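So the structure is just underneath, and the comments pick up after that.
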Amino acid sequence: MASVGPSAASTQPALPSGPAVFKTIPYAFILPEILCGTWVWILVAATSVSLPLLQGWVMYVSLTSCLISLLLLLSYLLGFHRNSENWKVLDSLYHGTTAILYMSAAVLQANATINSEFGVNVPLNYQLNSAASFFAFLTTFLYILHAFSIYYQ
């Protein structure tokens, strides 16, 4: 009789827990996502917010994403996932959805940056909005990398 090979479930890589989260791709992207998203939030809050509808969405997306990503990071650090494959699906869906939302926020922030060239306190607001746009697109890129790299494990 031929021996039965390992099951498909045992060949799947284990989900990281504890400090291994910071050494494992794509989970190592969570901390930079939080940090860059925090910069978006801080930089937009530091401007005069001349377009509250546009920059309000940017603030909502950045703050909500930072908080949910922080909860997800804490879940991985504390091992709440218990190596369940459902966490990979949850992680992928969350990061994919957040990447789309962040892309919309980054485009709106870029629009606010263009409009801030003609407002009050032009040099300072323009520079803050430019930096916020940069970090918004960088954060979008990190969320996209995280969402797609789950499939290449």
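Bear in mind the structure is a predicted one, so any value in this text is a computation, not a measurement.
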[atom1] of [X] to [atom2] of [Y]: how many Å apart, nearest 0.5 Å?
X      : Y      : atom1 : atom2 : value
Asn129 : Ile114 : CG    : CD1   : 10.5 Å
Thr98  : Leu72  : OG1   : CG    : 9.5 Å
Leu108 : Met103 : CG    : CE    : 11.5 Å
Leu73  : Cys66  : CG    : SG    : 12.0 Å
Leu124 : Ser116 : CG    : OG    : 10.0 Å

Phe137 and Ala110: which non-hydrogen atoms are nearest, and at how many Å?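 Nearest heavy atoms, Phe137 then Ala110: CE1-CB, 4.1 Å.
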Minimal non-hydrogen separation, Ala105 against Val58, with atom names: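 Minimum heavy-atom contact is O-CG2, 3.2 Å.
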Which residues satisfy the side chain to side chain donor-acceptor pair (under 3.5 Å) test with Trp57, sequence neighbours excluded?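 Applying side chain to side chain donor-acceptor pair (under 3.5 Å) to Trp57 gives Ser104.
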By the side-chain hydrogen bond (donor to acceptor under 3.5 Å, both in side chains) test, which pairs, at least two apart or in different chains, include something from residues 130-140? Thr113-Ser133
I need the full list of side-chain hydrogen bond (donor to acceptor under 3.5 Å, both in side chains) pairs touching residues 60-69, with sequence neighbours left out, sorted by first then second residue. Ser69-Tyr94, Ser69-Tyr143
Linked, directly or transitively: [X] and [Y] (ILVMFWY side chains, under 4.5 Å):
X     : Y      : answer
Met59 : Leu101 : yes
Leu53 : Val61  : no
Leu90 : Leu77  : yes
Tyr76 : Ile68  : yes

Residues clustering with Ile100 (ILVMFWY side chains joined when closer than 4.5 Å, directly or via others):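 Reading the cluster by chain and number, Ile100 sits alone, since nothing else belongs.
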Side-chain donor/acceptor pairs under 3.5 Å, residues 28-45, sequence neighbours excluded:
residue, atom, partner, partner atom, Å
Glu33, OE1, His95, NE2, 3.0
Glu33, OE2, His146, ND1, 3.3
Thr38, OG1, Ile34, O, 2.7

Side chain to side chain donor-acceptor pair (under 3.5 Å), that's the test. Do Thr47 and Asn125 meet it? Break it down for me. CA-CA 5 Å; Thr47 67; Asn125 281 331; 5.0 Å; no
Step by step, would you call Ile144 with Tyr102 a side-chain contact (heavy atoms from CB on, under 4.5 Å)? CA-CA 10 Å; Ile144 290 170; Tyr102 240 110; over 6 Å; no
Go through the structure and list residues passing side chain to side chain contact (heavy atoms under 4.5 Å, CB included) with Phe141, not counting sequence neighbours.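 If we apply the side chain to side chain contact (heavy atoms under 4.5 Å, CB included) test to Phe141, skipping adjacent residues, the hits are Leu145.
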